[in-house]
Amino acid sequence: MKNKTIDSAKLIFAVTVVLMHGFLLNTKYNDYLSGFFKNGLFRVAVPFFFIVSGYLFLRTINNGNAKRWFSHIIKMYIIWSVIYFYTLTPILKLQNESTLRKIYLILRGEITGVAHLWYIPALLLSALVCLIVKEKIVRHIKLTVFIIIMLWLTGVVLNWLFILRDNPNIFFYRNGIFFGIPNFFLGFILAKSEDLVHKVKINLKILVIVPLILTALESLFWTHVIKSCGNQFITSSDMLVSSPLLALAIFIVCLKRNDVEIFSGKERNFSMFIYYSHTLFISVSFYIFYNLSVWSGVAMPIEELATIIVIFLEYVIFSKFKDAIKNIV
């Protein structure tokens with residue numbers, strides 16, 4: 001049976017991604033309240049996406065649709081990588097770099113994921129590893145959980161080091177190994193243990209509030225650290241110790257309360273459309289508002305206005321072309 005609450009939560013988290021990429025990551029938003037969102041609460045979105053994907057992957061395997069699933073995800077990656085190739089064109093303009101070096105940088109960008117599309121190769125790797133070791137995951141859950149914790153914590157430590165050194169090569173930790181597999185496997189384990197999750201009585205408020213408090217405290221700490229460092233490249237934290245805990249808690253709530261619907265049953269496709277397309281629309285919207293501000297001589301909150309317009313525009317486009325859009329998400 002379709003879980004409406006999971007799809008609704010995905011839609012809400014997709015909007016948080018737009019808000020972050022639209023304006024919150026700007027260095028002018030360096031106060032602790034903004035830090036709570038961009039270094040904390042909103043960082044739960046992508047771990048949640050991976051948990052959902054891992055949870056649904058068990059059903060995909062059981063239905064014998066793994067090959068079709070991989071084909072669909074690869075097709076999506078090719079389509080959106082072509083669309084976002086423009087983000088790699090600045091590499092061609094680099095001075096003092098050889099042609100071979102430029103080709104390497106472009107290929108690295110395509111393999112690790114153009115812009116926010118890093119999520120897709122990370123998802124493919126996570127699913128492939130899960131498919132290969134699925135029987136061992138079931139037989140050795142404690143060992144799997146230990147590996148999950150070690151992989152995630154390794155990624156968190158790498159994230160810390162890259163923040164302190166202001167190193168922009170975030171693909172070393174924000175990838176399928178340290179980011180994707182831990183959360184994807186969590187979702188897969190939950191799918192295997194779903195009957196137990198439904199049987200166990202849990203205080204859902206406490207389940208969410210405790211990791212939420214931890215996330216808040218951790219976000220405040222990293223906001224302080226990043227402000228103190230005065231970084232030029234790394235101005236927010238991608239991986240928190242607490243974010244998988246909060247994502248997991250929210251996901252369990254979704255399993256327990258599975259009938260929350262906020263967009264007439266179209267939440268899944270709309271959330272994926274938002275995630276895949278938002279960077280493109282933000283780029284166009286920024287360009288228009290920037291030039292409008294220059295032409296008119298009127299100072300505008302360009303990033304904030306552009307972000308609001310993008311969310312509204314994506315809603316209108318999806319509402320008008322939802323049947324066609326479902327083929328590219």
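Scope of the values below: all heavy atoms of this structure, side chains included, with no hydrogens, waters or symmetry mates. Residues take their numbers from the sequence shown, with the count starting at 1.
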Heavy-atom nearest pair, Asn269 first then Lys326, reads ND2-CB, 3.6 Å

- Query: Above 12 or not: heavy atoms from other molecules or residues under 6.0 Å from OH of Tyr287?
  - Reply: no

Original post:
Cut-off 3.5 Å, side chains only: do Asn62 and Arg59 have a donor facing an acceptor?
Top reply: no

Result for side-chain hydrogen bond (donor to acceptor under 3.5 Å, both in side chains) between Asn39 and one of Thr235, Thr215, Thr223 points to Thr223

Rounding to 0.5 Å, atoms CD1 (Ile163) and CZ (Phe233) come to a distance of 15.0 Å

When rounded to the nearest 0.5 Å, the distance separating CG of Asn203 from NZ of Lys201 is 12.5 Å

query: Take atom NZ in Lys266; do more than 12 heavy atoms of anything else shown fall under 6.0 Å from it?
result: no

For Tyr32 and His224, test the side chains for any donor-to-acceptor distance below 3.5 angstrom and give the result as yes or no. yes

* Is the closest basic N to carboxylate O distance between Lys320 and Glu314 below 4.0 Å? -> no

With a 6.0 Å cut-off on ring centres, are Phe318 and Phe270 close enough?
-> yes

Taking the six-membered ring for Trp, is the centroid-to-centroid distance between Tyr84 and His116 below 6.0 Å? yes

So CD1 of Ile79 and CD1 of Ile74: to nearest 0.5 Å the spacing works out to 12.0 Å

Determine, for Arg268 against Asp7, whether the closest basic-nitrogen to carboxylate-oxygen distance falls under 4.0 angstrom.
no

Does one side chain, of His21 or His278, offer a donor that lies under 3.5 Å from an acceptor on the other?
yes

Next item on the list: Look at the side-chain heavy atoms of Ile, Leu, Val, Met, Phe, Trp and Tyr, link any pair under 4.5 Å apart, and say whether Leu105 and Val114 land in one connected group.
Entry: yes

Would you please say whether a donor-acceptor pair under 3.5 Å links the side chains of Thr154 and Tyr173?
-> no

Subject >> Ser236-Arg43 side chain donor-acceptor pair, cut-off 3.5 Å >> reply: yes

Would Ile206 end up clustered with Ile202 when hydrophobic side chains under 4.5 Å apart are linked, directly or stepwise?
no

Take atom NZ in Lys28; do more than 12 heavy atoms of anything else shown fall under 6.0 Å from it?
yes

Would Phe184 and Phe57 count as a close aromatic pair, with their ring centres under 6.0 Å? yes

For Tyr290, I'd like to know if atom OH has over 12 heavy atoms of other residues, nucleotides or ligands within 6.0 Å. no

Pair Tyr119, Ser53 - check side chain to side chain donor-acceptor pair (under 3.5 Å), show working.
CA-CA 11 Å; Tyr119 172 82; Ser53 296; 3.3 Å; yes

